[in-house]
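These numbers come from a predicted model, not from an experiment.
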Amino acid sequence: MVHWTSFLPILGGAFSAAAAAPSVEPTAQVVPGAYIVELAENHDSDSFYKTLGSDDVAVNHRLKLDYKLFKGTSFQLKNVSDVDAAAAKIANMDIVKQIWPVRVFHVPNDEVIWKGTDLNLAQSALQKRQSGENSTDTFSTHVMTQVDKLRAQGITGKGTKIAVIDTGIDYLHPALGGGFGAGHLVAYGTDLVGDNYSGFNTPVPDDDPIDECEGHGSHVAGIIAAQTNPLGFTGAAPDVTLGAYRVFGCGGSAGNDVLIAAYNQAFEDGSDIITASIGGASGWTEDPWAVAVSRIVEQGVPCLVSAGNDGDHGLFYASTAANGKGVTAVASIDNTESPQVLVVGEYSTDNSSTEEFKWTAGSPLDWGNVTLPLWNVNNNVNDTANGCDAYPDDTPDLSQYIVLIRRGSCTFVQKATNAAAKGAKYLMFYNNVAGLISVTAAVDGIVGVGMVTAEQGGEWIAALKSGTTVTLEITDPKTAAPAFVSNPNLASGGFVSTYTSWGPTFEADVKPQLAAPGGQILSTYPRALGAYAVLSGTSMACPLAAAITALVAEVRGTFDPTELENVLSATSNPNLFNDGATTYPYLAPVAQQGSGLLQAYDAAYTKTVLSVSSLAFNDTENLIETTNFTIKNTGADDITYSVANVVAASGYTLEEGTIFPAAFPNELVTQGAELTFSETKVTVPAGGEAAVSVTVSPPSLDGKRLPVYSGYVTLNGTNGDSLSLPYLGVVGNLHDATVLSEADTYLTRSDDPSLSPIAANQTFTIPSNNGTIPNGTVYPQVYIGLALGSPFVKAEIIPQTGYNTSSLGNIFGFPQVYQARGAVSNSWNGQLEDGSFAPAGTYSFKVSALHIFGDASDEKDFDTKQTVSFTIKYV
């Protein structure tokens, strides 16, 4: 446990890096014509569809959302030409409480560092679960988080049900239990979507949540509960029971209707903890998926969601459903080790005895069993362009060799293409930096690709240079013996992963809450995809946090989400800021690392329970100047705590002179807030509690750039406890920040894939309300660029001819609420918000985006941009 005096002398200058203003990127996609409805009390989906039938509204049913905490349904309108009119009619039904478009979220973009190829491991005999009790745990991520200490005491999560909402789980994998149902590791769950689900089509559920084509969920499951396996690791809580809720098909995305259904089904199936490594940009706690998850937390079930992998977007990029109230958002820490499983081969020089070497198999992988001599382009190990140029005319027939090529300069594909032109079939690259990667070089003629270390390549080059023949004996990597290696990660091990998405929410709530190892994580993978893999992402951090939650719950005897999050937060270890290569002498912001690295043993056994997991002071305009928290002493002895403030780096949100958040790394400065406490020494009697009030004085920083300050209230107890309480606030006025980028808000055309702005006075001939849509019909389209999130976005139609030039109202589909920062784009078929159609004429779009904390009834609280004019005609 870190004793907080070690961080007190954090002083000095600033870290800054120039970063161009980011482009306005699209937000989560909307499924055309698909909607979720939440129904009024005492109504269900059957009565809803009966009402639709009487109104002659034709729909395809997507999902029945008939749950205790969410009564509703999702559907897709059948007749695309009537989509807007039908949706308007549905929205105005008395039975409908709320209606939202279906939005889709992609399978997380985690980095695949290595995938296995050993079919012997993948196809091992199936086996029942194996107990992890009392086993010695030296797995690096478990040592980092004190899981090893709990495992040494036999704490393994037995009796806890953890639901995994993901791509399913390959439960036939030997390390994932070898079966599905009672008595197996994966004992319950369902497939909500089917193999062919893309996020945009209708789900086809079945009862089998196996993961055979994606891999993400199987990797997540192994982090939680992998059983004993040939690679020598187990999950953090190997005796939990897993539930698999498959929400992705083979490729594609998951709709928020499916995600809402999965959470509610997992809740009703009796899950003790629910984890999902899924998300997308939001920043609003009112997002429908986030609201559904928050309701489950309120019922006493901890819900953990990955914070997101968009760290390059800078501050205020919290992800849903991680941004929900009470939902635990989990950031990623890089592993202190760089694990890798290599293939073992042999080589010989002339008549010498054979020696082993280790290598990574790449793609293509059709090596088979091969014994061939090496041939190299040249003997210069420093040649950055080795193999980048066409080979000379006197090059031998390379089909009789394994071609040795240095990595560097040009692409692997270019190097492979040049070698293939001379008959090469097998390529062995040698690295130009430390370590190994898995190479992909899909080129006609090449059947096998691999890589060895720079040192091994240099040794072979030296032998070849001296005229010695080097012969490699390759055993088919699909059946070769694996070699597990793990080297220290000296660059970023133990620090926050640079890809972790930053908070806070747009309402200045603290996000993320916690952090766990997620960078370079070895775990299980589907048998068909290699059996084991090393991946990086907050997707890997979240399941470890869920497993740790289970272990802590086992010791503390409660699943109360508030208590568990509070003790996990208070006992975590914050760390210094690291940009991926360099470590700086100040703590990383709370908006990046939350409470810091989880410490499972300390959380399980701490006698001190704080009433909150963090403090949020809001912005300067809405400053919560004084707040308080309670210290509860559950021990048998009185404890006196020394209370202090340790500041973390403050980060400027906006790039100087722009309205856009800066890309990572944000400009960080060491000026932090001053905190005044009601007491700096607090004695809490055994079994008692005491309140501490905290008054904040924000740092003097440029409020126009919305700097986010943060730090930790530290509590060092006479019993040896060393706790910390994260806090966060914003300098400046979020309400006054520009949310609409005028330069990125304009008129475009529905047939332009790049959605570029177009000139004024263009005419669009479109079908009338009851007309058939001809092929090639082009609609006017409004493109809206949001520099920051907006709680309320309007897109009105303004006549440009005649006497009435006042707004006809919003186009159908608007207003849109709680929009993330990014781009929103909608085509217009002439229909207005109330379901009527505008007459033929000349119009412009008037876009209005409400400021954060704005009043929707006050026009002054909107940023507004009116596009150039255009004309519509009906046929």
Peer 1: Kindly state each residue pair satisfying ring-ring contact (aromatic ring centres under 6.0 Å, His included) with at least one member in residues 190-233, sequence neighbours excluded.
Peer 2: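 For residues 190-233: F139-F233.
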
Peer 1: Got a sec, which residues hit side-chain hydrogen bond (donor to acceptor under 3.5 Å, both in side chains) with D269, two or more places apart in sequence or on another chain?
Peer 2: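 D269: side-chain hydrogen bond (donor to acceptor under 3.5 Å, both in side chains) contacts with Y245, Q265.
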
Peer 1: Sort and list the pairs that fulfil salt bridge (Lys or Arg N to Asp or Glu O under 4.0 Å) and have at least one residue in residues 391-417, not counting sequence neighbours.
Peer 2: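 Those involving residues 391-417 do not exist here.
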
Peer 1: Show me the side-chain donor-acceptor pairs of residues 370-378 shorter than 3.5 Å, one per line, residues at least two apart or across chains.
Peer 2:
unit_1 : atom_1 : unit_2 : atom_2 : d
N376   : ND2    : N378   : O      : 2.6
N376   : ND2    : N379   : OD1    : 2.8
N378   : OD1    : N380   : N      : 3.0
N378   : OD1    : N386   : ND2    : 3.1
N378   : ND2    : D383   : OD2    : 2.9

Peer 1: Got a sec, which residues hit ring-ring contact (aromatic ring centres under 6.0 Å, His included) with Y499, two or more places apart in sequence or on another chain?
Peer 2: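 Per chain and number, Y499 pairs via ring-ring contact (aromatic ring centres under 6.0 Å, His included) with no residue.
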
Peer 1: Just to verify, what does Y426 make a ring-ring contact (aromatic ring centres under 6.0 Å, His included) with, not counting sequence neighbours?
Peer 2: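 If we apply the ring-ring contact (aromatic ring centres under 6.0 Å, His included) test to Y426, skipping adjacent residues, the hits are W367.
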
Peer 1: Provide the full list of salt bridge (Lys or Arg N to Asp or Glu O under 4.0 Å) pairs with a residue in residues 423-445, sequence neighbours left out, each pair given once.
Peer 2: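 Found none.
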
Peer 1: Quick one: disulfide (SG to SG under 2.5 Å) pairs with a partner in residues 347-455, sequence neighbours left out?
Peer 2: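 Matches after skipping sequence neighbours: C388-C410.
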
Peer 1: Can you pull the salt bridge (Lys or Arg N to Asp or Glu O under 4.0 Å) pairs that have at least one residue in residues 342-366, sequence neighbours excluded?
Peer 2: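 Matches after skipping sequence neighbours: D366-K478.
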
Peer 1: Considering only residues two or more places apart or on different chains, which pairs with a residue in residues 428-441 satisfy salt bridge (Lys or Arg N to Asp or Glu O under 4.0 Å)?
Peer 2: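 Every candidate salt bridge (Lys or Arg N to Asp or Glu O under 4.0 Å) pair involving residues 428-441 fails, so no pair, neighbours aside, qualifies.
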
Peer 1: Under the rule for salt bridge (charged side-chain N to carboxylate O under 4.0 Å, His left out), what residues qualify as partners of D195, not counting sequence neighbours?
Peer 2: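 Residues passing salt bridge (charged side-chain N to carboxylate O under 4.0 Å, His left out) with D195: R246.
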
Peer 1: Return the set of residues passing salt bridge (charged side-chain N to carboxylate O under 4.0 Å, His left out) with D170 (not counting sequence neighbours), or none when no residue passes.
Peer 2: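 D170 satisfies salt bridge (charged side-chain N to carboxylate O under 4.0 Å, His left out) with R527 once adjacent residues are dropped.
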
